[in-house]
Amino acid sequence: MTSPASLRRRLATQLIGSAAILAAVLILLFLSFSRQIAQNSQDNILLASATSILENISVRNDEIVVDIPYSAFSMLGSVSNDRVFYRIDNDDELLTGYSDLPRPDIQAATNAFATRSYLDADIRTVSALKVIAVNQRIETVIVTIAQTQEGLTDQLNALFKQALGIGVGFFIISSILAIIAVNRVFRPLQDLATSVSGRGPNDLEPFNTAVPDEMVPLVHALNSFTGRLDRSLSRSEDFITEAAHRVRTPLATVRTQAEVFLRRVRQDNNRTTLKDMIRAIDESSRAAGQLIDQAMVNLRTDVLDRKEVNLGECIVDAVQRLQPIASLRDIDLKLAPMDVHFAHIDPILIQNAITNIVDNAIKYSPPETEISVQIISESDKIIIRILDQGPGFCQDDPRTLLGRFVRGQSSTDKIGSGLGLTIANDVFIAHGGGLRLYNRQEGTGACVEAFLPR
Amino acid sequence: MCRSILAAIILALASPLPAFQIQEETVFEVDKKAGALRIISTADIDLFAPIIKSFQVQNPMIEVHYIGVTSTEIMTAITQENEAFDVVISSAMDLQIKLANDGYAAPHFSAASDRVPGWGKWRDSVFAFTQEHAAIVLSLDAFQGLDLPKTRQALITILRENPDRFRNRVGTYDIRESGLGYLFATQDARTSEVFWRLSEVFGQVGTQLYCCSSEMIDDVSAGDIAVAYNVLGSYATARADIADKIHIIQPEDFTTLMMRSALLPVNAPNTEGAGLFMDHLLTLAWSAPRSADFPFPNGTTDETANSAKLRPIRMGPGLLVFLDRFKRDQFLNAWEATILQN
């Protein structure tokens, strides 16, 4: 009751519990009725037997004569194998039968039934009486018939099994119906949940689907919440863009002025200081850029905006944008022929990841070397392999580089934030793939393999 | 000994309930005795002996005492004198049912008792082990030149048309003495009015009264009587020695079918031995084909099933009706008035 775990479970438990109680009540009622009916039918046949004897009581020569008809007892024997006892009295004087058989109390002109014990057995007895005139005297003849109750007990045991069967059947059917009903009741809720989770990352429109009355306040609240979220998200997107500009633009200005100033300065120690300054500015600018990337990646990986795109084109596009930087360092960017690989991906994120990996490779490669990018298609995945001819990874376990702000040992003189591979890894993991780092076996250089599941 | 009608009546009037006396006790001894079994029975010892002997082959340590009595004596012994027996065997189904109804019989369950069909047992206490016809046995000599009757009506006609030939040469049970005779007579009376017409004719020609089937058969074969009515067919069929002298009829109007039955008294001293004997008896009785050790028509030999003329006596409380004091008195009065009219 107090557990808030599942409304559905709570409702189902309560319905099934009610079904169990109803089934138990049903069994008890059935049993009580059947006991009554069984007892009634035994009473009826006992009474019929007693009556048939009463009808055969006559007076001959001023004597009461009892002529028990054969059917009086054989009818009892046809129903069950129970033992039969009887006594016939004229008032309190025994005429015939079992003298010690207990007799129910009988009032005039009625029949009396009683359950007694006789000869170590439970018996059901009936007494019926008849008033006859004998020699101008009024005499009362009482016929008492008794039968053991073994047949009745057997019958009730059989009925109990049936009742149990009916009760259990009732319980199972009601439980199944309860579960179906509960599922049906909660289906609109599930539908709403599905439509909420099925929405794209940018879809913060209000929900207009028809819902049951009880859910209208929930949908209102949800709509008002998404509204606020929408406004809040657009504010933070604005903020990120704003921040990028606010940081990058002044940095660019400072860098330009520092370079201009460097050309004018002749003193060696001042030049060194200025170079350090420019380096620091570059680093900050790059870090700012990558922080914005990371923020963007975090935002998008939660809910990917997947599209069917040509992966080859997408990668070629990203790599070619880096061509100018590579040329500056005399590095040859070689693109292996890209076949058409259609993939269901978020192209902006994938491009961003590839850019980060290749940018990283350019940064660590010595001049006049070559970086090659290949796409390898395997049965269950697509691998994008980026090979350089640089010093390779120095770590024993290159995977540590995938952590945030972890930088390689050879990077002390390089500008970087330690975020590039982290961002790329996040992107591929979000797509269900991942990143693998290793040193090339033939020749020197590092290899980064990114893979996407098919 | 049962032929002296007058003596029987006087005896019956003097002591309506004769005290239980062991008439004949046969002991089937064993070499190493480890227990004894007392069987009280109405069946002739000659007929029953093979069953006891085959039982002792399987249980060689049990000494069997076989006490032959009438069915009325069984009632006296058990209900009034509290005699202890291990097995009670009787042809008087009504008395067996009464013993079980009044709580003198112990229920018995075993693989052998499961063989007995529902109509052959009552309350798992009384078990039938034979099905025997109530037959009419005729002396072929006496009927020379006459058509052999096939129904009671035909018998009535013959007796009426030839009163001199059959004068005092008709025999039947003295139903005041014989439990089986009483059972047959009451069932006949219940089935058809022809019983009373037949009794009337019996009374007119003069009837000899007997205690037992075997004596009636003896007298028919000796030519002392011409007709024996309500004789156990099994006893007559078993007498190969006189087969050419007698003619056995299963009346075509109706033939009463009696089941000999066994029960185990609640106060049996040797319950284990009694159970073993009951199982032995029931296995013999309800096995097909019939074992050579079993001298009775057994339960599974059926021409019996589905024959319209056969009236099996149904086990059940209905049989208690004719044991009622009033009912018995009335029936015996009516019977005496017809049979003993001369």
Side-chain angles (χ1 to χ4, degrees), chain A residues 42 45-46 49-50 52-54 56-61 63-90 93-101 117-123 141 143-151 153-154, chain B residues 79-80 93-94 96-107 109 113 116-128 182-183 185-192 195 263 266-267 311-334 337:
Chain A
Q42 191 185 23
I45 196 164
L46 281 170
S49 170
S52 72
I53 294 173
L54 276 183
N56 277 274
I57 291 173
S58 54
V59 179
R60 213 175 289 157
N61 303 331
E63 290 278 328
I64 296 172
V65 178
V66 184
D67 181 20
I68 303 173
Y70 199 78
S71 59
F73 290 173
S74 67
M75 74 168 84
L76 298 175
S78 63
V79 177
S80 66
N81 271 341
D82 278 301
R83 296 155 69 183
V84 174
F85 309 105
Y86 71 101
R87 65 182 292 171
I88 298 166
D89 302 83
N90 176 10
E93 180 203 346
L94 179 80
L95 291 177
T96 181
Y98 295 74
S99 57
D100 50 351
L101 183 69
S117 179
Y118 181 60
L119 294 181
D120 302 327
D122 285 336
I123 53 166
V141 179
V143 171
T144 305
I145 304 284
Q147 197 181 22
T148 52
Q149 298 206 288
E150 291 160 35
T153 312
D154 288 351
Chain B
T79 62
Q80 289 172 24
M93 292 170 71
D94 46 356
Q96 295 282 76
I97 295 292
K98 184 160 176 63
L99 283 178
N101 187 68
D102 294 0
Y104 292 102
F109 302 95
S113 79
V116 185
W119 51 264
K121 54 187 171 188
W122 194 63
R123 293 182 55 78
D124 293 304
S125 304
V126 181
F127 297 95
Y182 183 72
L183 177 67
T186 51
Q187 292 295 324
D188 279 0
R190 213 168 73 74
T191 309
S192 170
F195 171 76
L263 61 83
V266 278
N267 62 346
R311 295 296 161 91
I313 302 174
R314 203 155 60 89
M315 285 185 165
L319 290 173
L320 302 178
V321 168
F322 281 102
L323 298 178
D324 177 68
R325 190 173 65 83
F326 273 104
K327 192 84 180 175
R328 186 177 164 86
D329 286 351
Q330 285 169 62
F331 190 82
L332 290 182
N333 285 339

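This one's a predicted model, so the numbers in the text were calculated from it and none came from an experiment. In what follows, every chain begins at residue 1, and chains take the letters A, B, ... in the order their sequences are listed.
No side-chain heavy atom of B:F326 sits less than 4.5 Å from a side-chain heavy atom of A:I68. Residues A:Y98 and B:D102 meet the side-chain proximity criterion, which asks for heavy atoms closer than 4.5 Å. Proximity of B:L320 to A:Y70: side-chain heavy atoms (C-beta onward) are nowhere separated by under 4.5 Å.
In this structure, chain A has a heavy atom under 4.5 Å from the side chain of B:R190, while its backbone stays farther away. Using a 4.5 Å cut-off between heavy atoms, A:Q147 does not touch chain B at all. Proximity to chain A (any heavy atom under 4.5 Å) is shown, for B:F331, by neither the backbone nor the side chain. For chain A, no part of B:I97 is nearby; none of its heavy atoms comes within less than 4.5 Å. Using a 4.5 Å cut-off between heavy atoms, A:I64 touches chain B through its backbone atoms (N, CA, C, O) alone. When heavy atoms are compared at a cutoff of 4.5 Å, A:I88 does not approach chain B at all.
When every heavy atom of A:L95 is checked against every heavy atom of B:R325, the shortest pair comes out as O-NH2, 2.5 Å. In plain terms, the two heavy atoms of B:R123 and A:T148 that are nearest each other are NH1-OG1, 4.3 Å. The two residues A:L76 and B:P317 have their closest heavy-atom pair at C-CG, 4.4 Å.
More than 12 heavy atoms of other shown residues, nucleotides or ligands fall within 6.0 angstrom of atom CG in B:N333.
Residues satisfying the ring-ring contact (aromatic ring centres under 6.0 Å, His included) criterion with B:F195, sequence neighbours excluded, are absent altogether.
In this structure a side-chain-to-backbone donor-acceptor pair under 3.5 Å is missing from A:N81 to B:W122.
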